[in-house]
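One-based numbering, in listed order, for ligands and for the atoms of each.
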Amino acid sequence: MVFPAANGYIIRFQGVAVLTSGGDAPGMNAAVRAVVRTAIFKGMDVYGVQRGYNGLITGEVVKMDLRSVSDIIHRGGTVLYTARSPKFRTPEGVKQAADYCRELGIKGVVVIGGDGSYRGARDLTHAGIPCVGLPGTIDNDISSTDHTIGFDTAMNTAMHMVDNIRDTSQSHDRCSVVEVMGRNAGYLALHTGVACGATAILVPEVPFDLEKDVIPKITRTQATGKKNFIIVVAEGVGGTENIARHIQELTGIDTRATILGHVQRGGSPTVRDRVIATQMGYHAVELLEQGIGNRVVGIKEDKVVDFDIDEALEMTKPFEEELFKIADVVSI
Ligand code: ADP
């Protein structure tokens with residue numbers, strides 16, 4: 001909010017802060033940039049908190065200006081650093097953070113992170129500092145949004161990596177079992193598997209029996225002339241090395257396991273991630289400007305929406321059964 005003072009100067013009415021928390025995700029920088037620029041546009045003071053909630057306890061807070069967020073929209077990771085803060089999970093930690101915000105004149109905080117970070121945002125709001133959460137995670141496991149910031153980039157990265165593996169699999173007539181990230185969620189595995197034409201996609205949401213479901217599928221497609229196979233396994237399923245070993249034992253096909261790991265968390269964000277990060281960052285500041293906290297922002301059916309944090313944490317996200325079924329059909 002900007003109030004022209006009697007002397008004609010602009011009075012800076014309130015300060016907002018922005019932090020990134022939990023696991024990093026490509027597009028977090030684009031969100032930070034949007035928050036900083038929108039807040040400055042509205043005449044607010046803006047602070048960048050480093051290393052998640054920890055920064056509000058240790059005082060790692062920097063004043064941001066328009067140029068603090070130059071040249072970051074295309075960069076993966078987070079220029080504000082991120083961390084997990086056990087101290088913030090204690091009542092004293094939350095109080096310390098809230099007191100520090102009051103000291104700096106911070107009237108609202110934009111928190112970019114996952115479900116855990118949302119819980120922290122709720123605690124800080126209850127301690128008197130209104131917070132708005134933005135979904136930043138490659139896992140897409142946040143129910144209050146169709147897309148999280150970082151998911152699209154991670155899918156594309158995983159797809160390119162699996163494409164590379166497929167080249168060598170094809171050359172050697174091999175089966176490649178590739179584990180992709182996603183914590184307990186199979187969204188990243190499902191989309192990567194569909195995009196890479198995987199023979200089978202194993203996700204925690206859908207129970208499977210390796211011997212009854214996966215092996216017959218491999219042998220059936222082998223009988224039609226297929227000689228190389230991609231099996232995508234979600235991190236939440238685990239046991240990727242064992243799965244590969246069993247496939248080799250039961251089919252006789254030379255089988256290798258690859259765990260993609262942290263390569264999926266980095267890299268320049270895609271168009272989609274940059275755009276949604278920008279839309280959501282803008283919206284978060286609009287909410288705080290109106291004094292509205294304890295909200296999380298999301299994208300539903302291509303529209304920017306917001307929900308009460310508690311309501312958002314209660315929501316469940318249905319697994320994409322239809323896409324899973326399609327993947328099964330087109331990989332015969
Ligand atoms: P993510 O936000 O990606 O889910 P974490 O679960 O690690 O990542 O949470 C990030 C930070 O949010 C934690 O280090 C902690 O400071 C805070 N946090 C996590 N869970 C809670 C909780 N239940 N209550 C309060 N704060 C939490």
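- Each of the following atoms of ligand 1 lies closer than 4.0 Å to a heavy atom of Gly114: 1 (P), 2 (O), 3 (O), 4 (O).
- Those atoms of ligand 1 that come under 4.0 Å of a heavy atom in Gly120, given as number and element, are 25 (C), 26 (N), 27 (C).
- When only non-hydrogen protein atoms are considered, atom 7 (O) of ligand 1 lies nearest to Arg84 NE, 2.5 Å.
- Taking the ring axis of Tyr187 as reference, the NZ or CZ atom of Lys317 stays within 45° of it and closer than 6.0 Å to the ring centre.
- Under a 3.5 Å cut-off, the side chain of Arg37 and the backbone N or O of Leu66 do form a donor-acceptor pair.
- Within ligand 1, the atoms closer than 4.0 Å to a non-hydrogen atom of Arg183 are 3 (O), 4 (O), numbered from 1 in the order shown.
- Of the possible polar contacts, none joining the Thr168 side chain to the Ile165 backbone as a donor-acceptor pair under 3.5 Å is found.
- Here the shortest heavy-atom distance to atom 16 (O) of ligand 1, taken over Gly23, Gly22, Ser85, belongs to Ser85.
- The backbone N or O of Asn184 lies less than 3.5 Å from no partner atom in the side chain of Glu235, so there is not a single donor-acceptor pair.
- Proximity to Asp123 (heavy-atom distance under 4.0 Å) selects the following atoms of ligand 1: 24 (N), 25 (C).
- Contact annotation for Lys87 and ligand 1: no heavy atom of the residue comes within less than 4.0 Å of the ligand.
- For ligand 1, the polar-atom distance check against Tyr53 finds no nitrogen or oxygen pair separated by under 3.5 Å.
- For a threshold of 3.5 Å applied to N or O pairs, the pair formed by Arg119 and ligand 1 contains no separation below that value.
- At least one donor-acceptor pair closer than 3.5 Å links the side chain of Thr153 to the backbone N or O of Thr270.
- A donor-acceptor pair is defined here as one N or O able to donate and one able to accept, closer than 3.5 Å; no such pair exists between the side chain of Thr148 and the backbone of Ile142.
- In this structure, Thr137 falls outside the shell of residues with a heavy atom less than 4.0 angstrom from ligand 1.
- Each of the following atoms of ligand 1 lies closer than 4.0 Å to a heavy atom of Ser21: 10 (C), 11 (C), 12 (O).
- Atom 18 (N) of ligand 1 has Gly116 O, 3.1 Å as its closest protein atom, hydrogens excluded (heavy atom only).
- To the nearest 0.5 Å, the span separating NZ on Lys226 from SG on Cys175 amounts to 9.5 Å.
- Between Arg272 and Asp302 there is a salt bridge, since at least one side-chain N of the basic residue sits less than 4.0 Å from a carboxylate O of the acidic one.
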